[in-house]
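So the structure is just underneath, and the comments pick up after that.
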2 protein chains.
Amino acid sequence: MSHAVKAIRSAVAPGLGPKRDTILDAVLPVFGRFGFRKTTMEELADAAKLSKQGLYLHFSGKEEIFAACIEKYLTDSLAVVDAVLGGGEPLQERLIGAMDAWFGRHLETFHPQAFDVIETGTLMAPERTQYWKNAFRQRLTRAIAASREVKSSPACTAKDMAEVLFQCGLAWKESLVPRTEFRRELARAVRVCCRLEL
Amino acid sequence: MSHAVKAIRSAVAPGLGPKRDTILDAVLPVFGRFGFRKTTMEELADAAKLSKQGLYLHFSGKEEIFAACIEKYLTDSLAVVDAVLGGGEPLQERLIGAMDAWFGRHLETFHPQAFDVIETGTLMAPERTQYWKNAFRQRLTRAIAASREVKSSPACTAKDMAEVLFQCGLAWKESLVPRTEFRRELARAVRVCCRLEL
DNA sequence: ACTTGACCGAATGGGTAAAATTGGTCTAGT
DNA sequence: ACTAGACCAATTTTACCCATTCGGTCAAGT
């Protein structure tokens, strides 16, 4: 299939129905367990309770499914992040919740053996990957900056704290512990970076 | 060669001369560039300016060279860490120097493609690996605890700061930036974690 | 709005056997 | 305290073939 046709399909098809989203939700765990390469179209179709051709009525191919899947995954995650950060809890709880919604969910979604999903994602759409990273860091920064619970200084601005927090979160790739324990590490990082009391 | 013979040689040979250390220093960059598996005994011998057989007069085999090499590498690194932390500079500079001597040196020593050195090390001697990690974290903790420049609290003890700092340092594996830039990230982490002004 | 099933070209994954490397040893020097 | 070089067993690499699989398409149904 030519690139032009692909572009048309993906430009016309999306957003038309909640069916796409249903498919993407069903498909995510498969990518998360086996990675991009080792996931077959049949497995995706089975997960979505569709035939192989049924899938092609919604997506132009494997790459588009994957891209849309990751896009939805991050969109959803960021929505949770926003919801948590916009909530009424103390900043500490909100930050921990946000970090857990982002990095913790990664940890739970992607099997250690299937981290090629990350590489594939950055390889297929590096600018999108950068966009999502920046989006999340921006949320952290704003939440910290807006809070009156934490005092910043020229040497330690809200952005500085957010960046360091983000850096700590990146450790999820190395982490071998379950999400609950990882969350405790995140809690400590939040406490230290933002000097929030218990 | 039997394990018994190996044990005898490695028990008798070490520490007898500075020659071993010279060899180990010469050999480290080779392991750092090609990893354990892809490094050949000939390359090691060439790097040490010895014949292959000359090497065997000092070490019982590839594994012993590697183990001793890593051991010396970490010993040296920790010595630098101790020297820096024990110096007269303000805590901030000392911590940055210590983090750079540890993680920054890793970044510079081990080629991204040769990270199998880490796995091999933890696989061959997991207890030693754990020992060195703990040793470094301990140094950080003590330096922070001993300083009057940083005030701790029950929610943010010296150990907490050290742990988070360590977690930030682990990002070196993901880092694609040169050591100088990585050092700036470390500096920010130190500032934030210990609330040290500029 | 789907399913079924056949189909294609390309990529992939065994399986294998020859060829090259490698870690390590031995001997004979100097 | 080394080097030179032959040497071995074991592993690794390479090349090749074959079967399978996979992504994607097409035609015909319901």
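We name chains A, B, ... by the order of the sequence lines, and we start the count at 1 in each one. What's counted below: heavy atoms across the whole structure, side chains too, no hydrogens, waters or symmetry copies.
- A straight line from NZ of K38(B) to C1' of dG23(C) spans 17 Å, rounded to a whole angstrom.
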Output one line per pair: protein atom, nucleotide atom from nucleotides 1-5 of chain D, and distance, for all N/O pairs under 3.5 Å.
residue : atom : partner : partner atom : Å
dC2(D)  : OP1  : K19(B)  : NZ           : 3.0
dC2(D)  : OP2  : H58(B)  : NE2          : 3.1
dT3(D)  : OP1  : S51(B)  : N            : 3.3
dT3(D)  : OP2  : S51(B)  : N            : 3.0
dT3(D)  : OP2  : S51(B)  : OG           : 2.6
dG5(D)  : O6   : Q53(B)  : NE2          : 3.1

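- With rounding to whole Å, F59(A) atom CZ is found 11 Å from dC2(C) atom P.
- Cluster note: V84(A) groups with V80(A) through ILVMFWY side-chain heavy atoms spaced under 4.5 Å, whether in direct contact or through intervening members.
- With sequence neighbours left out, the salt bridge (Lys or Arg N to Asp or Glu O under 4.0 Å) criterion links E71(B) to R128(B).
- Connectivity analysis of hydrophobic side chains (ILVMFWY, heavy atoms under 4.5 Å, direct or indirect) links L123(B) to nothing; its cluster partners are none.
- Defining each end axis of the helix from dA1(C)-dT30(D) to dT30(C)-dA1(D) as the rotation carrying four pairs' C1' atoms onto the next four, with five pairs an end, the two axes are found to diverge by 50° to 10 degrees.
- Rounded to whole Å, the distance from CD on E42(A) to P on dA6(C) is 13 Å.
- Judged as a side chain to side chain donor-acceptor pair (under 3.5 Å), and not counting sequence neighbours, K62(B) has no contacts.
- Clustering of Ile, Leu, Val, Met, Phe, Trp and Tyr by side-chain heavy atoms under 4.5 Å joins L176(A) with none of the others.
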Without placing hydrogens or testing angles, list every side-chain donor-acceptor pair under 3.5 Å for residues 184-192 of chain A, not counting sequence neighbours.
residue : atom : partner : partner atom : Å
R191(A) : NE   : A155(B) : O            : 2.6
R191(A) : NH2  : A155(B) : O            : 3.4
R191(A) : NH2  : D160(B) : OD1          : 3.4
R191(A) : NH2  : D160(B) : OD2          : 3.1

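- With rounding to whole Å, F34(A) atom CZ is found 12 Å from dC22(D) atom P.
- Judged as a salt bridge (Lys or Arg N to Asp or Glu O under 4.0 Å), the pairs with a partner in residues 88-117 of chain A (not counting sequence neighbours) are, in order, D100(A)-R179(A), D100(A)-R183(A), E108(A)-R179(A).
- Between D46(A) atom CG and dT4(C) atom C1' there is a gap of 14 Å when expressed in whole angstrom units.
- For R37(B) and dT13(D), the CZ to C1' distance is 12 Å, given to the nearest whole Å.
- Looking at K173(B) and E119(B), no side-chain N of the basic residue comes within less than 4.0 Å of a carboxylate O on the acidic one, giving no salt bridge.
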